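Keep in mind that this is a model prediction, so the values were computed, not measured. Chain naming here is simple, since letters A, B, ... match the order of the sequence lines and numbering starts at 1 in each.
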Amino acid sequence: MNIQETLKEVITKGIQEIYNVSINTVEFQATRKDFDGDITVVVFPFLKVIKGNPVEIGNKLGAYITEKVTDAKGFNVVKGFLNIILNDGYFLNHFYSIYPLQNFGFEKPNPIEKSVMVEYSSPNTNKPLHLGHIRNNLLGYSVSEIIKASGKKVYKTQIINDRGIHICKSMLAYKKFGQGETPESSHLKGDKLVGNYYVKFDQEYKKEILSLMAKGLSEDQAKKQAPLLLEAQEMLQKWEAGDTTVVTLWKTMNQWVYDGFEQTYKALGVNFDKNYYESNTYLLGKDVVADGLQKGVFFKKDDGSVWIDLTDEGLDEKIVLRSDGTAVYMTQDIGTAIQRIKDYPDVGGLVYTVGNEQDYHFKVLFLILKKLGFEWAGNLYHLSYGMVDLPSGKMKSREGTVVDADDLLLDMTTTAREISEDLGKLEGYTDAEKKTLYKTIGLGALKYHILKVDPKKRILFDPKESIDFNGNTGPFIQYTYARIQSILRKADFEYDSTVVSINLHEKEKLVLKQLALFPETIQLAAENYSPAIIANYTYDLVKEYNSFYQSIPILGCGQLEEKIFRVQLSKKTSEVIKSAFQILGIEVPERM
RNA sequence: GGUGGCAUAGCUCAGCUGGAUAGAGCACCUGCCUUCUAAGCAGGCGGUCCUAGGUUCGAAUCCUAGUGCCAUCACCA
């Protein structure tokens, strides 16, 4: 039983004995640093059943607790706060209960719990990945790992948007202007090459619009009648009809893009258990809609289009099937969700990592699935995150105002190299080791920078201002890890024994307390789908550790038992740093 | 206009189910490398927690109204 439960029992009993009233909750909080004590009981809520002065009640309770609870050695009362001071033995016991654990804080997959499928990335195959995708990928990957660590099996997936008018646009531009260019001939990454033609299409299309407008058409007319657009639409029809030439080109260009994406994913350190392709799923869902129409979940309008009426839920009517019987995005998403549960019957819930511009779409999707009566429909979550904007505003691929993912990753590595070379601490490292390290640090800086922010908040990214490597940053935490590794390398004595008879230093206690919070932090982060909670926890841990590190000697400590304990404490701290960063998708270096 | 999100130090952000004097980092200023890695530590400066009401012993946190920014409301994705 943990100390909080023990205290709750004792307090309940104490209040019964002293005041002859019963209470059912006790409010605890960690004692603030500027007060003496370890755990605090808030007395105010008791005033509802006990009339009296909170300080007096606090004193009586404090005395009762110190008498009954062996781990409590003293107390003080400030206003209505009863601060309880615990014995060092309590902290040491707790430490040795977690010290030997391999994956402290991680819950083993619970066989009773249903698995979760997390979708993230889900790119279009007509342009390269940019900073917005990076946020998506980092969030999706990390949330997957966090849920896993919280005790559920997780499948990572993406749906690749490999068909549609936008794909035809780059295909058409390539056909017209490509002159047989390939990634090999141009030495371009495949996704970059294809992206160039997407931009090219837009440029040529705009020219056509202008010339049509010069001939007297309105802007709207010109946009609809531009020959390039008509041709792209025609291409889409041919694709849907299975036209060999179009499909061959589509396959070729998509493969280029996949190869390019694969490189970027690898560089980012993300992966997937299962890929879905829109070209396979876009027709799914139609049967379900027909079914739902029979059941009366949907209704048909005179023109044959099928809708759902969500006005009762405060939303609008939403189309689920066009009048010509073709599927819209929603149709597909309904079908894909059902398909996923079919493919993975152990999955009991889905998480969609998609930007907050699609909040409405997912609200509707979830409602529809619920109305269709799927029992898992209550376990759908839209991991909605804020946009990554530039000082100039939104990133737009067609206008070239994007921060390219590959470029950014390279920049981060370069910065890491420059800083490392300046500091010059890598004597004895081979060039290959250094290269790996620069990547670890650069990537760590970027990932931490993005993940430490609450997902729902938008991020303003200024390419001119470099991402920090000092303060509340990834490299700072990695650095602390590396410092501890250095200590462990130098600790050339046995430090396996259990230490019992030492007086804990205040700084040691602070580190211990923070370590103890790791398991509940993982659960909290999983419940909130928030890597930011893990990031902030880790930062707090590292701050406490550094303060300890710098104010008392570890290896230089003359007293053997204390020295052993300090090494053990350091070791455990580094393990937790590593675990926490692992679920953020960030690596830690042995030296830096 | 309807709906949703966000608003905390000059800048970037924490602040768990309401609790003590609202916390970090960056920037600026002071100290600390002949002792375990100074990508660090210790300290200083800096706040009408958007505004106005309300609930409460107690509100940055909950409720209402307003303001600002963003998103969304298509037989688009």
Side-chain angles (χ1 to χ4, degrees), chain A residues 27 29-35 40 42-45 47-48 54 78-81 83 124 161 164-166 278 301 303-307 314-316 318-330 332-333 355-361 363-364 384 386-387 389 393-394 416 419-420 422-423 425 441 445 449 452-454 456-460 462 465 468-480 482-491 517 520-521 524 527-528 532-533 535-537 539-540 542-543 546-551 553-557 563 566-567 570 591-592:
Chain A
E27 200 179 320
Q29 57 184 274
T31 305
R32 292 177 58 119
K33 272 187 204 161
D34 14 330
F35 299 96
T40 295
V42 188
V43 179
F44 296 110
L47 297 178
K48 290 204 171 84
V78 182
K79 294 188 193 169
F81 298 92
N83 303 317
N124 291 340
N161 299 298
I165 189 71
H166 50 290
E278 198 191 334
K301 288 199 175 175
D303 59 7
S305 57
V306 180
W307 297 70
L315 304 175
D316 301 322
K318 191 82 189 173
I319 190 160
V320 292
L321 206 61
R322 291 193 186 100
S323 53
D324 61 5
T326 56
V328 291
Y329 200 51
M330 191 63 78
Q332 182 208 146
D333 270 355
N356 64 11
E357 53 197 354
Q358 292 193 36
D359 284 356
Y360 185 71
H361 174 80
K363 206 178 266 181
V364 172
S384 164
M387 297 288 103
D389 291 327
K394 237 183 145 159
I419 294 174
S420 294
D422 269 1
L423 293 169
K425 295 182 186 178
I441 299 172
H449 181 79
K452 76 171 176 186
V453 182
D454 184 340
K456 63 176 180 282
K457 289 193 175 169
R458 83 170 193 148
I459 293 182
L460 196 69
D462 190 344
E465 277 180 52
D468 270 330
F469 282 63
N470 296 322
N472 185 359
T473 68
F476 165 60
I477 293 165
Q478 290 172 322
Y479 174 71
T480 304
R483 273 213 300 212
I484 296 175
Q485 296 319 299
S486 170
I487 286 182
L488 297 180
R489 279 193 297 271
K490 288 179 180 165
L517 293 175
E520 61 196 78
T521 304
L524 189 67
E527 282 161 28
N528 290 287
I533 291 174
N536 285 309
Y537 164 82
Y539 176 62
D540 287 338
V542 162
K543 252 194 324 181
N546 276 325
S547 182
F548 153 76
Y549 174 93
Q550 218 128 152
S551 49
I554 300 167
L555 296 174
C557 176
K563 182 158 89 168
R566 287 172 191 176
V567 172
S570 300
R591 282 177 60 181
M592 68 185 276

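Pair check for B/U30 finds B/A42; Watson-Crick or G-U wobble, both atom distances under 3.5 Å. The nucleotide B/A74 finds no pairing partner, because no Watson-Crick or G-U wobble arrangement with both distances shorter than 3.5 Å includes it. Summarising the base pairing, B/C16 is matched to no nucleotide, lacking a Watson-Crick or G-U wobble pair whose two defining distances lie under 3.5 Å. Under the Watson-Crick or G-U wobble criterion, with both distances below 3.5 Å, B/G47 is left unpaired in every strand shown. Across all strands shown, B/U35 forms no Watson-Crick or G-U wobble pair with both distances under 3.5 Å. Using N1 to N3 plus N6-O4 or O6-N4 for Watson-Crick, or N1-O2 and O6-N3 for G-U wobble, each under 3.5 Å, B/G68 pairs with B/C6. Remark: B/G53 base-pairs with B/C63; criterion is Watson-Crick or G-U wobble with both hydrogen-bond distances under 3.5 Å.
Taking atom C1' in both B/G19 and B/U34, the straight-line distance is 50 Å, to the nearest Å. Here, B/A20 and B/G66 have their P atoms 31 Å apart, quoted to the whole Å. Using C1' as the reference atom, B/U48 and B/A52 are 13 Å apart when rounded to the nearest Å. If you take atom C1' in B/G18 and the same atom in B/A77, they sit 42 Å apart, rounded to whole Å. One P atom belongs to B/C49, the other to B/G44, and the distance between them is 22 Å to the nearest Å. On the P atoms, B/A22 is 15 Å away from B/C50, given to the nearest whole Å. As rounded to the nearest Å, B/A60 and B/G23 have P atoms that lie 13 Å from one another. Across B/U56 and B/C63, the matching C1' atoms stand 12 Å from one another, rounded to whole Å.
Salt-bridge annotation for A/Asp324 and A/Arg322: absent, with no side-chain N of the basic residue lying under 4.0 Å from a carboxylate O of the acidic one.
Remark: the backbone N or O of A/Lys301 is not paired with any side-chain donor or acceptor of A/Ser305 at under 3.5 angstrom. A/Lys452 places no side-chain N or O within donor-acceptor distance of the main-chain N or O of A/Tyr539, the cut-off being under 3.5 Å. One N or O on the side chain of A/Arg566 and one on the backbone of A/Pro553 form a donor-acceptor pair closer than 3.5 Å. Checking side-chain atoms of A/Thr521 against main-chain N and O of A/Leu517 turns up a donor-acceptor pair under 3.5 Å.
Rounded to whole Å, the distance from CZ on A/Phe476 to C1' on B/A38 is 12 Å. One can place CG of A/Asp540 at 18 Å from P of B/C13, the figure rounded to the nearest angstrom. Between A/Glu465 atom CD and B/U12 atom P there is a gap of 9 Å when expressed in whole angstrom units. If you measure from atom NZ of A/Lys79 to atom P of B/C57, you get 18 Å, rounded to the nearest angstrom. Regarding A/Lys457, its NZ atom lies at a distance of 8 Å from the C1' atom of B/A14, rounded to whole Å. We find that CD1 of A/Ile477 is positioned 13 Å from P of B/G25, with the value rounded to whole Å. The CD1-C1' distance, from A/Ile165 to B/A74, rounds to 16 Å in whole Å. Rounded to a whole Å, the CE atom of A/Met387 is 15 Å from the P atom of B/C6.
For A/Lys318 and B/C73, the shortest distance from a side-chain N or O to OP1 or OP2 is not below 4.0 Å. Distances shown here put a side-chain N or O of A/Ser486 below 4.0 Å from the OP1 or OP2 atom of B/U37. The shortest distance between the side-chain N/O atoms of A/Arg32 and the OP1/OP2 oxygens of B/A20 is below 4.0 Å. A close approach under 4.0 Å does not occur between any side-chain nitrogen or oxygen of A/Lys33 and OP1 or OP2 of B/G23. Between A/Arg322 and B/C76 there is a side-chain N or O to OP1 or OP2 distance below 4.0 Å. Taking side-chain N and O atoms only, A/Arg483 has a distance below 4.0 Å to OP1 or OP2 of B/A38. Close to B/A14, at under 4.0 Å from its OP1 or OP2, lies no side-chain N or O of A/Asn472.
Residue contacts shown for A/Pro54 are absent, as no nucleic acid heavy atom lies under 4.0 Å away. Across all strands shown, A/Asp454 has heavy atoms under 4.0 Å from sugar-phosphate atoms exclusively, and none from any base.
In this structure, A/Asp468 and A/Phe476 have side chains that are not in contact, with every pair of non-hydrogen atoms separated by 4.5 Å or more.
Note on ring orientation: taking the six-membered ring where Trp is involved, the planes of A/Tyr329 and A/His361 are tilted (angle from 30° to 60°).
In B/C50 the base sits anti relative to the sugar, since the glycosidic angle is further than 90° from 0.
Here A/Phe469 and A/Tyr479 keep their ring centres 6.0 angstrom or further from each other.
Residue side chain A/Ser547 does not reach the base of B/A42 through any donor-acceptor N/O pair under 3.5 Å, judged by distance alone. Below the 3.5 angstrom threshold, one finds no donor paired with an acceptor across the side chain of A/Gln29 and the base of B/G19. Judged by distance alone, with hydrogens and angles left aside, A/Asp333 brings no side-chain donor or acceptor close enough to the base of B/A77 to form a pair under 3.5 Å.
For A/Asp468, counting side-chain heavy atoms from C-beta on, the closest listed nucleotide (B/C57, B/C26, B/U3) is B/C26.
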